Amino acid sequence: MSDTQGSMDAHRLAVEIRGGSKIFNLGRHNEVKALTDIDLDIGQGEFVTLIGPSGCGKSTLLRLIAALIDTTEGTVLVNGKTADAARLDRDYSMVFQRAGLFEWRNVSRNIELPLELMGWKAADRRQRSAEMLELVKLDEFARHHPAELSGGMQQRVAIARAMSFHPKLLLMDEPFGALDEMTREHMQHELLRIWSETRITVVFVTHSIAEAVFLSTKVVVMSPRPGRIAAVVDNDLGERTEATRDDPAYFANITAVREALRGGH
Amino acid sequence: MVFEELLRQRAAREQRRDRMVRTGRQIVVLGLFICLLGLLYSLYKVMGSAIDDVQSGWPVIGSILPGSDDLRMPPVLDIVGGIFEEPRGTDEPFWSIVGKEAAFTLREAAVGFAAGVVVGLGIAIVLTTSGRLERALVPHVIASQTIPLIAIAPIIVIWGRKSFDFLPFEWQDWMSVSIIATYLTFFPVTINGLRGLQSPRPENLELMDSYAARWGQTLWRLRLPASLPYLFSAFKIAATASVVGAIVGEISAGVKGGLGRRVLLEAQRYTTGPERLYIAVLGAAALGIFVFAAISSIEYALVGRKGRETVT
Ligand SMILES: Nc1ncnc2c1ncn2[C@@H]1O[C@H](COP(=O)(O)OP(=O)(O)OP(=O)(O)O)[C@@H](O)[C@H]1O
Ligand SMILES: [Mg+2]
C-alpha cells in the first residue's frame, strides 16, 4: 500500500502554487502586499532556489508552502494535498537562517526532537539520530551541547534534525546566510551530497547568485513590490564538483540570473 | 599524548573539586559576614557607652539612633550564650526550641511555596494561550499584591476553621498560614513565568508548528525548558517571600508553633531576656538563607554547567 502511495507521489508535483498572493494586515493602515499572482511548479526531487532582493517575499513564499501562514488568494498544494494537510502529515521540514537548536538539549536529543513529537520509541530515535549524525559527519559530537559547536556545525545539526524523519520536502530559508565563505562552500557540497544520496526535494532561499546557480536545478528569480516571480532560469549543470565553479556554463547561468534580477527592477 | 592525558586527568579532578570549593567558599564568606556584623554591632555599643560615660543625652546615639545599653542591644556574647541556654521552665537548649519552630515554619513555607509555584505557573500557562487574556488578567494579578497581607491573614484562618470540612483530612491552622505564604509566592512565579514562556524565538515556535506539534508538546518541550532560567530567579524570590509570608501569617493569625509566634512571645517578655528575641530573629534570617540556598543548588543541578567552557 505504501508502495503504490510512493509511486503516486512520484507523479505528483512536490509543490504546486496557482495564483498565490499574500497581503499582510489586510485592510489596515499597515497593509503589505507581500506576494501577488505566484504560479510555481516544483517537481519531485528538484532542487529549487528562490533568489531576489530583500523584502521581495522569499521567506513569505516559503512560509506559504509550509502552511505557517495562509494565502490571501490562490491555492498551494504540496504533494497533491493542501499545504496544511501536508504539514499535518509531516511531508516537509524547515531549516532557518539561525540553526535554532534547543540549547538545553544535546546534539543527539536535538535531532530526536521531531521524532519525539511523532511518538517514536526511544531506541528507534536513538538509532535514527546516530544515522543522521553520520550523514552530517558529526558522530563525535552526539553528546555535546549546541553552545559548544561552531556556527557551521550547529547548522549541520539543524539539517540533521530536519532530515531525521525522512521528509519528502526540505524548505531552507537562507540556511548558510550566517556562515563565512569557506564554511559556506563546504556546507554547499555537504548539502548536495545529502540531496543526491536521499533524492529529497529542496526549496532553498538565498541572497547569493553564485550559491543559487551552484546548488540548484532551477533558479526562481523574484522581484519586489509587490513580490512576484520575474523569471525561472533552468540550471542544468550536471553533477557538481569543485570544477563546476570554473565551468563556463556555470558563469553563463550566473549572468542569466543576474540579468533576470536586473530586469525585475 | 601522554602529557595530554595527564592534563585531562587533572581537569577532571579539578572539576570534581570545583563544586566543593565553591560551596566551601560560600560558607566561609557567610561566616565572615556574620562575624563582621557582630563586630560592627559591638563597635557601635562600645562607641555608644563611651559617649554615655562622657555626657549623657548625646544627640545622635540614644535619641536618633537606638540607645546602646544592654537592654536595648544585648552584648554579642549574651546572644551567643543564649543560644545554648535552657530558658526557664524548659529542659531544652534554646537553639533546639528555635530549631523545631523553624522546622514548623519551614513546613508552612514549603507547602505554601509549592502551592504558589503550581498556582503561579498555572496562571502563567493559561495567560500564554492568548494575548487578550494576558492583557485582561495581568492587571488583576498585580492588584492582588496591593492587598495588605496582615489584613487577609485572619480571614484565611477563619475560613480554614469554618469551611474546609469537605477535605479528606482535618484542616489545621498551619495550612491557613501556608495559604498566606502562597499568596506571596505565586506572584513572582506568574510574572517571570509569563516572560519565560514567551521567551522562545519566533522561529523556534515556527519550527514546532512546522512539525505539527500540539500545543501541549510545544509547552513541554520548548516553552517550559526555555522558561527555566526565568522561573528559577522567581523561585528564589518566592522562596524567601514564602518564609516572610509564613512568619507574618503566624503573627497576624495567631498560629502557635512557629518562628512568628516565638518572635511575638520573646517581644512580650523582652526585659527578662532580650537576647532571645535577637536569636529568634537570627533564626528567621537563617531560615530565609537556607531556602534561598536550597533553590540555588537545585538550579545549579538543573540549568547550570551546560554549554561552553567558561573562560575566567
Ligand atoms: N508577519 C508579517 N507581518 C507583516 N508583514 C510582513 C510579515 N512578514 C513579512 N512581511 C512583509 O512582507 C514582505 C516580504 O517579506 P519577506 O520576509 O518574505 O521578504 P524576504 O524576501 O524573505 O526578505 P529577506 O531577503 O530580507 O529575508 C516585506 O515587505 C515584509 O515587511
Ligand atoms: Mg527572508
Side-chain angles (χ1 to χ4, degrees), chain A residues 59-60 62-69 78 83-107 109-120 143-150 154 158 161-162 164-165 167 169-175, chain B residues 1 4-5 8 11-12 15 18 121 128 131-132 192-193 195-235 298-312:
Chain A
S59 300
T60 304
L62 215 59
R63 281 174 171 73
L64 284 181
I65 298 171
L68 295 175
I69 51 177
V78 175
D84 204 48
R87 180 179 72 92
L88 294 173
D89 285 352
R90 277 118 173 180
D91 275 10
Y92 73 84
S93 216
M94 281 196 92
V95 178
F96 299 90
Q97 178 168 7
R98 265 193 282 248
L101 303 177
F102 292 3
E103 72 217 32
W104 53 87
R105 286 172 171 243
N106 66 25
V107 164
R109 298 252 299 127
N110 262 291
I111 295 172
E112 288 174 33
L113 174 73
L115 308 178
E116 273 175 38
L117 297 173
M118 296 176 181
W120 283 39
R143 309 189 48 134
H144 285 57
H145 279 268
E148 297 161 328
L149 305 184
S150 73
Q154 290 185 21
R161 176 178 64 185
S164 63
F165 58 98
L169 175 63
L170 193 57
L171 305 173
M172 309 179 88
D173 195 351
E174 298 183 48
Chain B
M1 281 328 263
E4 194 184 302
E5 191 51 43
R8 188 168 296 135
Q15 244 170 27
D18 202 41
L121 203 53
T128 309
R132 194 175 301 169
N192 270 29
R195 276 213 312 162
L197 290 170
Q198 291 169 342
S199 69
R201 294 173 174 291
E203 66 249 37
N204 279 354
L205 291 168
E206 276 193 332
L207 184 80
M208 295 301 273
D209 271 354
S210 79
Y211 292 140
R214 289 187 301 275
W215 187 83
Q217 290 179 315
T218 302
L219 178 71
W220 185 245
R221 293 199 163 74
L222 175 58
R223 289 188 188 273
L224 274 177
S227 67
L228 275 188
Y230 295 83
L231 281 177
F232 268 104
S233 61
F235 291 167
I298 296 174
E299 176 181 28
Y300 184 82
L302 238 55
V303 288
R305 282 186 300 199
K306 280 174 200 141
R308 220 172 254 273
E309 185 172 339
T310 43
V311 183
T312 42

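A, B, ... follow the sequence lines: proteins, then strands. Residue 1 opens every chain. Remember, predicted model here, so these are calculated numbers, not experimental data.
Contacts between A/Leu68 and chain B at a heavy-atom distance below 4.5 Å involve the side chain alone, from C-beta outward. Heavy atoms of B/Arg201 lying under 4.5 Å from chain A belong exclusively to its side chain. Both the backbone and the side chain of A/Arg87 have a heavy atom closer than 4.5 Å to some heavy atom of chain B. Residue A/Leu171 does not touch chain B at all, counting heavy-atom pairs closer than 4.5 Å.
Of residues 209-219 of chain B, those residues lying under 4.5 Å from chain A by any heavy-atom pair are B/Asp209, B/Ser210, B/Tyr211, B/Ala212, B/Ala213, B/Gln217. Residue-level contacts of residues 223-231 of chain B with chain A, in order of numbering, are B/Pro225, B/Ala226; threshold 4.5 Å between heavy atoms.
Heavy-atom pairs under 4.5 Å with chain B peak, among A/Pro167, A/Gly100, A/Pro114, at A/Pro114. Interface summary for chain B: among A/Arg98, A/Met94, A/Gln97, the most heavy-atom pairs under 4.5 angstrom belong to A/Arg98.
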Before giving the answer on side chain to side chain contact (heavy atoms under 4.5 Å, CB included), spell out for A/Arg161 and B/Leu207 the whole-Å C-alpha distance, their side-chain angles and the decisive distance to 0.1 Å. CA-CA 11 Å; A/Arg161 176 178 64 185; B/Leu207 184 80; 3.4 Å; yes

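Of all heavy-atom pairs spanning B/Glu206 and A/Phe96, the tightest one is OE1-CE2, 3.5 Å.
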